[in-house]
Each structure stands twice: as structure tokens, then as C-alpha cells.
Amino acid sequence: MIDFSSASTRSVSPVRAIDEVIETACGSGATAVDLVLLNAGDGHDLGALSARAREVCPKARVLATSCAGIVGREGPGESLREVAVMCARGEGFSVAFVDGIY
């Protein structure tokens, strides 16, 4: 069984943004997260966000994308500093990607 949780924020600091969304989504269970799907507005550095997510969720695979807006639990957001995260725990999912789509 897979357990999903999600959260979003408009925090400017990448460290604060990840800490906030992971805490809201996972509470004290961040170390048990297997997958972090991260979606951030263009105003954030995906490298910094991903690095912090790896620190907070050390065993998780972290997948990150950027966009002009995100859709979080609270609905759509168009700020350049929006960050949304979905965390998954459990077995039965797989990850696939395609690089170089423009």
C-alpha cells in the first residue's frame, strides 16, 4: 500500500520552503518517505530545493520540476516562489523519466 501526503507554500527561502512543506505533509515521518515529488515556481533554484529535500528525507528519491505556477492542496498558485510537494511511503510505485523535452 502507498501512503500519499502533500503540502504547498510561498516561502522565499529554499530551506524554509522544504522544511515547511515536508513538516506539513509528513509530520515526524519524513525519514520514512520513499519518494518526494517537488514542483516549484521559476523563482526557486531546483538544485537548492532538491538538496534540502534529500537532507530532510534521506532515503527518498527526489524528483523536481519547475513551472510558471503550481497546484497545491490550497488550489492553484502563480507566484514565482510557490513550492508544492507530494510525499509517498510504501511499496508498489515506480519512477520513470524522459530527459530533454523542450
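Predicted, not measured: the structure shown is a model, and the values here were computed from it.
Taking each heavy atom of Val33 and Cys87 in turn, the nearest pair found is CG1-CB, 3.9 Å. Arg89 and Ser5 make their closest contact through NH2-OG, 4.0 Å (heavy atoms, listed as atom of the first residue, atom of the second, distance). Between Ser50 and Leu38, the shortest heavy-atom contact is N-CD2, 4.1 Å. Heavy atoms only, all atoms of each residue included: Lys59 and Ala32 are closest at CE-O, 3.5 Å. Looking at every heavy atom in both residues, Leu49 comes nearest to Ala17 through CD2-CB, 4.4 Å.
By the criterion of side-chain heavy atoms lying less than 4.5 angstrom apart, applied directly or through intervening Ile, Leu, Val, Met, Phe, Trp or Tyr residues, Phe4 is grouped together with Phe93 in one hydrophobic cluster. By the criterion of side-chain heavy atoms lying less than 4.5 angstrom apart, applied directly or through intervening Ile, Leu, Val, Met, Phe, Trp or Tyr residues, Met86 is not grouped with Val83; the two fall into different hydrophobic clusters.
Interatomic distance, Glu23 CD to Arg16 CZ, rounded to the nearest 0.5 Å: 14.5 Å. Note that CG of Asp19 and OG of Ser13 are 8.0 Å apart. Values are rounded to the nearest 0.5 Å. Atom-to-atom distance recorded for Leu37:CG and Leu63:CG is 5.5 Å, nearest 0.5 angstrom.
Although no hydrogens or angles enter the test, the distance criterion places no donor-acceptor pair under 3.5 Å between the side chain of His44 and the main chain of Ser66. A donor-acceptor pair is defined here as one N or O able to donate and one able to accept, closer than 3.5 Å; such a pair exists between the side chain of Asp34 and the backbone of Gly90.
Residues meeting the side-chain hydrogen bond (donor to acceptor under 3.5 Å, both in side chains) test with Thr9, sequence neighbours left out: Glu20. Scanning for side chain to side chain contact (heavy atoms under 4.5 Å, CB included) contacts around Arg61 gives Leu35, Val95, with sequence neighbours left out.
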